[in-house]
Protein chains: 2
Amino acid sequence: MYITFDFQSDVPLYLQLRNQVVIAISKGVLKPGDHLPTVRALSDESGVNAMTISKAYQLMKQEGYISTERRGGAVVSAGDKEIKVSKDTVNRLDLCISELRLSGMGEEQIVDLCRRLYREEE
Amino acid sequence: MYITFDFQSDVPLYLQLRNQVVIAISKGVLKPGDHLPTVRALSDESGVNAMTISKAYQLMKQEGYISTERRGGAVVSAGDKEIKVSKDTVNRLDLCISELRLSGMGEEQIVDLCRRLYREEE
DNA sequence: TAATTGTATTAATATGCATAATACAAAGAG
DNA sequence: CTCTTTGTATTATGCATATTAATACAATTA
């Protein structure tokens with residue numbers, strides 16, 4: 001599991017981390033039971049402050065993606081726990097599809113792209 | 001064309017405006033040649049500062065979605081001008097699909113949702 | 001017992017968003 | 001031509017959030 005940070009991005013570092021983990025879990029790169037890097041290890045390795053890493057872990061924990069235990073580190077949760085579909089996610093999906101459509105992509109092209117993203121690639 | 005602002009949202013006001021316009025164009029609510037509200041009118045009506053409205057207009061102009069002319073106001077551009085597909089859009093799409101997948105939605109459910117969003121509804 | 005884990009605390013800094021009050025150039029209306 | 005409307009530029013200020021920093025703590029495991 002490789003984490004990369006873009007310090008030029010307008011996306012906050014803690015969200016960059018959270019988003020990469022979510023995608024990795026969805027694509028099977030991270031499986032239930034897998035351990036995430038420790039807060040301090042990832043901080044040292046990336047140069048990002050430990051509290052920023054911790055903030056991402058707390059967010060993912062609250063969202064149900066991972067669980068953290070004393071001394072146990074952060075562990076990817078089993079997929080059985082139902083995670084709520086936020087209306088915000090659908091709104092963001094709507095925006096992405098609108099942008100792709102206005103860029104000239106047709107319905108089937110977009111559907112194909114979505115299928116590829118769902119299955120794993122890219 | 002109704003614009004609504006959520007002052008509690010973490011999405012900046014100028015981006016809220018931009019996103020709503022992009023979606024409206026994609027869904028045909030706004031058509032090429034249509035006029036957007038004037039900066040001052042939308043500012044007065046919504047309570048959002050005029051410079052914030054202007055910032056959204058400048059962004060949409062730069063992205064190619066609208067054009068602004070002196071005295072002419074803001075006009076929705078024709079769809080012929082090719083708008084670049086940013087890699088950022090695909091990344092955000094990837095994140096949305098991953099979130100939906102982890103919430104329990106299957107491939108076909110997601111594809112159906114995407115088709116509906118593409119065609120207009122919601 | 002000693003070390004490692006996520007986390008809490010407090011403080012400081014930086015960046016971006018938003019507002020406010022004005023002013024200007026261009027272009028259409030009369 | 002004159003006046004009004006349009007988007008835009010300018011400058012300043014306030015505010016929220018992100019990030020860093022330096023410690024410290026509780027729980028758990030080796």
**Q.** Within-4.5 Å side-chain heavy-atom neighbours: A:I66 and A:T68
**A.** yes
Q. When the distance from CD of B:Q62 to P of D:dG7 is rounded to whole Å, what number comes out?
A. 18 Å
**Q.** Rounded distance in Å - CG (A:L17) to C1' (D:dA18)
**A.** 14 Å
Q.
I need the single residue from A:K27, A:R92, A:R119, A:R116 that forms a salt bridge (Lys or Arg N to Asp or Glu O under 4.0 Å) with B:D94. Which is it?
A. A:K27
(Q) Could you check whether A:E107 pairs with A:R101 (Lys NZ or Arg NE/NH1/NH2 to Asp/Glu carboxylate O, under 4.0 Å)? (A) no
Q | A:V76 side chain near A:K31 side chain, heavy-atom distance below 4.5 Å | A | no
Q.
Less than 4.0 angstrom between a side-chain N/O of B:K55 and OP1 or OP2 of C:dG16, yes or no?
A. no
Q) Between D:dT8 and B:S54, is there an OP1 or OP2 to side-chain N/O distance shorter than 4.0 Å? A) yes
Q: Can you tell me the distance, in whole Å, between the CD1 atom of B:I53 and the P atom of D:dA9?
A: 16 Å
Q | Nucleotide D:dT8, atom C1' - distance to CG of B:L36 in whole Å | A | 16 Å
Q. For A:N49 and C:dT9, what is the distance between atoms CG and P respectively, to the nearest whole Å?
A. 17 Å
Q: State, yes or no, whether a side-chain contact exists between B:S9 and B:Q16 at a heavy-atom distance under 4.5 Å.
A: yes
Q | Heavy-atom side-chain contact between A:S46 and A:I3 under 4.5 Å | A | no
Q) A:T68 side chain N/O closer than 4.0 Å to the phosphate oxygens (OP1, OP2) of C:dT7? A) yes
Q: For the side chain of B:T38, starting at C-beta, report the closest nucleotide among C:dT7, D:dG7, C:dC17.
A: D:dG7
Q. Below 4.0 angstrom, N of the basic side chain to O of the carboxylate: do A:R18 and B:E99 qualify?
A. yes
Protein-nucleic acid N or O pairs under 3.5 Å, nucleotides 23-30 of chain D:
none

Q. Under a 4.0 Å heavy-atom cut-off, which of residues 2-15 of chain A touch DNA chain C?
A. none
Q: Rounded to the nearest angstrom, tell me the gap between atom CG in B:L59 and atom P in C:dC17.
A: 11 Å
Q) Could you state the CD-P distance from B:Q58 to C:dC17, rounded to the nearest angstrom? A) 13 Å
Q: Please tell me if the side chains of A:S98 and B:I25 come closer than 4.5 Å, counting only heavy atoms from C-beta onward.
A: no
Q) Rounding to a whole Å, what distance do you find between A:D44:CG and C:dT5:P? A) 10 Å
Distance-only donor-acceptor hits, side chain of residues 48-56 of chain A, under 3.5 Å, sequence neighbours excluded:
residue, atom, partner, partner atom, Å
A:N49, OD1, A:M51, N, 2.8
A:S54, OG, A:Q58, NE2, 3.2

